[in-house]
Structures are given as structure tokens and as C-alpha cells.
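Just the heavy atoms: all of them, side chains too, but no hydrogens, waters or symmetry mates, feed the values below. So that the names make sense, note that chain A is the first sequence line, chain B the second, and so on, each numbered from 1.
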Amino acid sequence: EAQVTQNPRYLITVTGKKLTVTCSQNMNHEYMSWYRQDPGLGLRQIYYSMNVEVTDKGDVPEGYKVSRKEKRNFPLILESPSPNQTSLYFCASSPRGYGEKLFFGSGTQLSVL
Amino acid sequence: LAKTTQPISMDSYEGQEVNITCSHNNIATNDYITWYQQFPSQGPRFIIQGYKTKVTNEVASLFIPADRKSSTLSLPRVSLSDTAVYYCLVGYGQNFVFGPGTRLSVLP
């Protein structure tokens, strides 16, 4: 089944403790991206990647890192999480970007205490 | 990137047709118009996409006037399970920008 898989589904951590949220897609998509969703603000893009080793900042990249060493994986890294990064995170992919249909993962609810 | 404006919320009753309009006054020539549906705690799900005129699939229709400065998502005969947030997305490049969306409540 074609899908975008995020892990973990829920994560509670403390300020400053590095964490990684994984994202994997099995559709051979070139484009992948990360969003955060907060009440009343919709989805805001954090980072995106057009292909392996190609990443770029979205609208809210501060405090986040990403890497794209393999086509199928696009992990989101929080080197030193802070409470204002408490949010619902979604990974998405599409064949090439460029307005094409986005496939979203099920989300990761992160709480930073 | 084109900014979109949608109503914050809408109410409807089961069996009615629902039309949600999105304004995108500064849409670019290459931009596509895409609508997504999101249920609580789930990722958005693609509904329909168009460039101009009318597009129809098994769940919705999308109407785009000639100037492309707006678009209307039409959901025929909604049911309770259509209660969700609907997002209009306009773009072509890599930086997809979602607005706050329209919260549709379908009442029995």
C-alpha cells in the first residue's frame, strides 16, 4: 500500500533533549516536506526537499533540521526542543512537487515540557 | 506564492450541496488549485485539483472562473462524515502554503 509513515505517533519530551521524528515513503517520490499544525494557524511548512541531498527552508524553519540521504526517508530533527515547538507535525510527499497532489502521513503529536 | 482566503466556518445539513469558495487574487500563471480535507488528528487528504474551468471526480467538483482569482469546491449531498476542515491550496513550486481552512459542520 502506498503510504507515508511517520514515527512516533506521540512523543513527550523535555526542553533541550534532542529528538528525531522519522518519515518514510514507499512511492519513490522525489519531493518531501514537513509541516507543523497549531490551532488557528493551519499548516505551516518547516522544510522541504526536492530530491536526495537537496533541502530548503519553508516558512518556519527555526529550531529544526532535516536531512535527505535516501529518497524514501526525510527525518525531522530537533536539536534542542523548546516548549514553543509543541505541535502536531505532518510529513508529506509528492512525485515532484510543482503543485502535484501531496500524500500526508498520520502525524506526530509532540509535547515539549 | 498566492495567498488564499476562505470562510472560517460553514454549517450545512445532511443531503444538501455545499459550496466553499476560495479567493486567490494574485494567482500566478503556472499555479494549480488544490483542495484538501482534514479530519481531527489526521493528515490532510487530497480531494480535487484543477487549473481552469471545471473539474469533477467521484467526491467533488471544482469550479474555476476564467480569471482564476477564485475557485469553488462543491460537495454534493453531504453526510455527517463530511464534517472536516477543507483547505484551498494554490501553487506550483515547492513551497506549499496552507491557509487556516474552512471548518465544515454537517448537521443531521
A/Leu43 CG to B/Tyr36 OH distance, which is reported to the nearest 0.5 Å = 10.5 Å
Above 12 or not: heavy atoms from other molecules or residues under 6.0 Å from OH of B/Tyr13?
-> no
Give the cluster check for B/Val59 versus B/Val55: same hydrophobic cluster or not, with ILVMFWY residues linked at side-chain heavy-atom distances below 4.5 Å.
-> yes
Okay, B/Gln42 and chain A: the region with an atom under 4.5 Å from a heavy atom over there is backbone
Might you confirm whether atom CG of B/Leu107 has over 12 heavy atoms from other residues, nucleotides or ligands at distances under 6.0 Å?
-> yes
Give a yes or no on this: more than 12 heavy atoms of other residues, nucleotides or ligands lie within 6.0 Å of atom CZ of B/Phe63.
-> yes
Does atom NZ of A/Lys65 have more than 12 heavy-atom neighbours, drawn from other residues, nucleotides or ligands, at distances under 6.0 Å?
-> no
Roughly how far, to the nearest 0.5 Å, is the CG atom of A/Leu102 from the CD atom of B/Gln49?
-> 9.0 Å
To the nearest 0.5 Å, tell me how far A/Phe90 CZ sits from B/Gln38 CD.
-> 5.0 Å
Looking at A/Glu100, A/Gln6, A/Arg44, A/Gln109, which one has more heavy-atom pairs under 4.5 Å with chain B than the rest?
-> A/Glu100
Per-residue contact mode, A/Gln37 against chain B (heavy atom under 4.5 angstrom) = side chain
